[in-house]
Amino acid sequence: VNVRLSDFTLECPLTGIYQLKNLATVIETAIRLEVILGKPESLCIEKGIKNTLTNTGFKGRWQTLREKPRTICDIGHNPHGIEMVVNQLKSIQFKQLHFVIGVVNDKDISTMLSLLPENARYYFCKADIPRGLDASQLQAVASTYNLNGEVYSSVKEALNAAWAVAGEEDLIFIGGSAFTVAEII
């Protein structure tokens, strides 16, 4: 079944430019299910997408937590996810970027860090899980990519430090791991 996205008028609560790709997949899957089930009226694509957050409790994908300073989190946790985050950050105007970052120890952190902007202020932390990479180790690897900042003992401490110094026109981003984001939402 072929469908054009222009066939739908969608109100989607999910933000982030990468969600357009995800929406195309969701729509195609729903249409195929309608064909397989033989009950096109049984699935309401527009209503389902509009109520995604209510129906699923979905959180942590380009989610705004505060407006001043603008504070956004995203669970991008691999090179592709970080690339999407960095592209999205380029579309936003802000005075200074503050980046609260914690990662797990089994990810390709070198590639992830190589994608991050050098002109941000970094707040290195470790999510409170056994797989979390020690924040000092993260800082050491990050420094080889000219990413500079301080080490904090927890995600909340790192975020509070960012909030303490960020101006109203700044942007604070929290990410690097779903576990890092989970501790603040």
- Item | Contact check, side chains of E168 and P69, non-hydrogen atoms, under 4.5 Å | no

- Item | Side chain proximity check, V85 to W62, heavy atoms < 4.5 angstrom | yes

- Query: Looking at A158 and V100, what are the two nearest heavy atoms and their distance?
  - Reply: CB-CG1, 3.8 Å

- Item | Heavy-atom pair of closest approach, residues V86 and P117 | CG2-CD, 4.3 Å

- Query: From N146 CG over to E118 CD, what is the distance, rounded to the nearest 0.5 angstrom?
  - Reply: 4.5 Å

- Task: Working to the nearest 0.5 Å, report the span between OG of S114 and OH of Y145.
- Result: 5.5 Å

- Task: Tell me whether L138 is reachable from I129 by hopping between hydrophobic residues (I, L, V, M, F, W, Y) whose side-chain heavy atoms are closer than 4.5 Å.
- Result: no

- Message: Within the 3.5 Å criterion, strictly below it, is a donor on N51 or T54 matched to an acceptor on the partner's side chain?
- Response: no

- Message: Ignoring hydrogens, what is the shortest heavy-atom contact between E67 and T64? Give both atom names and the distance.
- Response: OE2-CG2, 3.3 Å

- Query: Does CG belonging to D128 count more than 12 external heavy atoms closer than 6.0 Å?
  - Reply: no

- Query: Quick one: CD on E150 to OG on S136, what's the gap to the nearest 0.5 Å?
  - Reply: 10.5 Å

- Query: Do T180 and I174 have side-chain heavy atoms sitting under 4.5 Å apart?
  - Reply: yes

- Roughly how far, to the nearest 0.5 Å, is the CG atom of L113 from the CD atom of Q139? 11.5 Å

- Task: Determine whether Y123 and L97 fall in the same hydrophobic cluster, where Ile, Leu, Val, Met, Phe, Trp and Tyr are linked whenever their side-chain heavy atoms lie under 4.5 Å apart.
- Result: no

- Pairwise side-chain contact, R121 with V165, heavy-atom cut-off 4.5 Å (strictly under): yes

- Point-to-point distance, once rounded to the nearest 0.5 Å, from CD of E169 to CZ of R70: 13.5 Å

- Side-chain heavy-atom pair H98, Q96 within 4.5 angstrom cut-off: yes

- Has the side chain of S177 got a donor or acceptor atom that lies under 3.5 Å from a matching backbone atom of F179? yes

- Message: Using the rule given for side-chain contact (heavy atoms from CB on, under 4.5 Å), can you reason through I184 versus L65, listing the C-alpha separation, both sets of side-chain angles and the distance that settles it, and then say yes or no?
- Response: CA-CA 9 Å; I184 51 95; L65 304 174; 3.3 Å; yes

- Is there side-chain contact between I101 and Y122, with heavy atoms separated by less than 4.5 Å? yes

- Query: Is V104 reachable from M112 through a run of hydrophobic residues whose side-chain heavy atoms are each under 4.5 Å from the next?
  - Reply: no

- May I ask whether L115 and V181 are part of the same hydrophobic cluster, defined by side-chain heavy atoms of I, L, V, M, F, W, Y residues being less than 4.5 angstrom apart, directly or through others? no

- Give the intermediate values and the outcome of side-chain contact (heavy atoms from CB on, under 4.5 Å) for residues R61 and I75. CA-CA 6 Å; R61 292 310 307 257; I75 63 173; 3.2 Å; yes

- Heavy-atom nearest pair, V103 first then G176, reads CG1-O, 3.7 Å

- Note on the structure: Separation between SG (C125) and NZ (K156), nearest 0.5 Å, reads 12.0 Å

- Message: Please check this pair: side chain of S91 against backbone of Q88, looking for a donor-acceptor N/O pair closer than 3.5 Å.
- Response: yes

- Task: Assess whether atom NZ of K107 is packed by more than 12 heavy atoms of other residues, nucleotides or ligands within 6.0 Å.
- Result: yes

- Residues D134, K126: salt bridge by 4.0 Å N-O rule: no

- Item | Check: Q63 side chain, I72 main-chain N or O, donor-acceptor pair, under 3.5 Å | no

- Item | Heavy-atom side-chain contact between F173 and C73 under 4.5 Å | no

- Task: Look only at the side chain of E157 and the backbone of S153, and say whether a donor-acceptor pair between them is shorter than 3.5 Å.
- Result: yes

- Item | Least distance between heavy atoms, D108 atom then P79 atom | OD2-CG, 4.0 Å

- Task: Spell out, yes or no, whether V155 and I172 are grouped together once hydrophobic residues are joined by side-chain heavy atoms under 4.5 Å, including indirect joins.
- Result: yes

- Message: Less than 4.5 Å apart, side chain to side chain, heavy atoms only: is that true for L89 and L171?
- Response: yes

